[in-house]
Amino acid sequence: MGEKRNDGVFILMADDDEDDCLLIGLACEGNPVIANLRFVYNGEELLDYLDACRERGPRDDLRLPDLILLDLNMPKKDGRVVLRQIKENAHYRSIGIVIFTTSSREEDMAICNSLGADLFLTKPHTLDGFKDVINTLVRRWSEIRKTPSER
């Protein structure tokens with residue numbers, strides 16, 4: 001993405017599928033609510049990134065995300081394991097986590113909900129579908145972030 005801003009949504013996507021990362025990048029382009037989009041490609045990288053943010057403190061190039069788009073089936077550390085570890089850690093618990101996967105299995109949805117995922121979405125198959133997902137997510141995040149007097 002282009003210029004980084006600290007006043008918009010920072011999305012961190014954890015996904016090993018380069019095509020899906022490319023589609024999310026394209027879907028986020030030009031969205032005025034998205035301040036930054038960053039990618040990690042497996043569960044270990046995601047946890048390492050979060051730990052680095054906590055250890056080094058917030059900086060322009062390193063801050064905790066507002067939303068994590070988390071794929072379930074990744075190498076090195078499965079998304080379910082990562083979800084559990086994030087939600088068990090008091091430093092990261094408040095980060096919004098959207099499961100963003102090819103799975104539509106009820107069992108996966110139930111497990112992710114029980115582990116504290118904020119939302120479970122099956123990946124669309126088109127760029128327009130990815131744009132719809134991103135627009136809905138940032139709109140909902142913006143509404144949640146407003147104080148009651150601003151709503």
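One-based numbering along the sequence shown. For the numbers below, each heavy atom of this structure counts, side chains included, while hydrogens, waters and symmetry mates do not.
Counting only N and O atoms by type, the side chains of Y41 and D71 include no donor and acceptor under 3.5 Å apart.
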Could you walk me through whether R84 and D78 pass the salt bridge (charged side-chain N to carboxylate O under 4.0 Å, His left out) test, one step at a time? CA-CA 10 Å; R84 176 179 285 119; D78 180 82; over 6 Å; no
Please determine whether side chain to side chain contact (heavy atoms under 4.5 Å, CB included) holds for the pair L12 and Y49, giving the CA-CA distance in whole Å, both sets of side-chain angles, and the decisive distance to 0.1 Å. CA-CA 10 Å; L12 179 61; Y49 177 86; 3.7 Å; yes
E88 and R93: CA distance, side-chain angles, deciding distance, side chain to side chain contact (heavy atoms under 4.5 Å, CB included) verdict: CA-CA 7 Å; E88 288 176 350; R93 194 174 294 140; 5.5 Å; no
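Proximity of M13 to V40: side-chain heavy atoms (C-beta onward) are nowhere separated by under 4.5 Å. Looking at L121 and I99, their side chains never come closer than 4.5 Å, going by heavy atoms from C-beta outward. Contact annotation: the side chain of K123 never approaches that of I24 to less than 4.5 Å [non-hydrogen atoms, C-beta and beyond]. Counting heavy atoms from C-beta outward, L137 and I11 have side chains that stay 4.5 Å or more apart. Looking at heavy atoms from C-beta onward, P124 lies out of side-chain contact with D132 at the 4.5 angstrom threshold. The side-chain heavy atoms of Y92 and R54, taken from C-beta on, include a pair separated by under 4.5 Å. Residues R80 and L72 have side chains in contact (heavy-atom distance under 4.5 Å, counting atoms from C-beta outward). Looking only at side-chain heavy atoms (C-beta outward), D66 and I95 stay at 4.5 Å or farther from each other.
Separating the CG atom in L47 from the CD1 atom in I86 is a distance of 5.5 Å, to the nearest 0.5 Å. Here CG of D48 is found 11.0 Å from SG of C53. Values are rounded to the nearest 0.5 Å. Summarising the geometry, atom CD1 belonging to I134 is positioned 5.0 Å from atom CD1 belonging to I34; distances are rounded to the nearest 0.5 Å. Considering CZ of F10 and CZ of R38, their distance stands at 5.5 Å, rounded to 0.5 Å.
Nearest approach of C112 to L83, heavy atoms of both residues: O-CD2, 3.7 Å. Smallest separation of non-hydrogen atoms from D16 and M74: OD1-CG, 4.0 Å. Closest heavy-atom contact between I97 and D118: N-OD2, 2.7 Å. Here the closest heavy-atom approach between residue L127 and residue L23 is recorded as CD1-O, 3.8 Å. The shortest heavy-atom contact between S103 and D108 is OG-OD2, 2.5 Å. Across all their heavy atoms, T122 and T102 have their closest contact at CG2-O, 3.7 Å.
The aromatic ring centroids of F100 and F130 lie less than 6.0 Å from each other.
Residues L64 and I68 are members of one and the same hydrophobic cluster, defined by side-chain heavy-atom contacts under 4.5 angstrom among Ile, Leu, Val, Met, Phe, Trp and Tyr.
N89 places no side-chain N or O within donor-acceptor distance of the main-chain N or O of Q85, the cut-off being under 3.5 Å.
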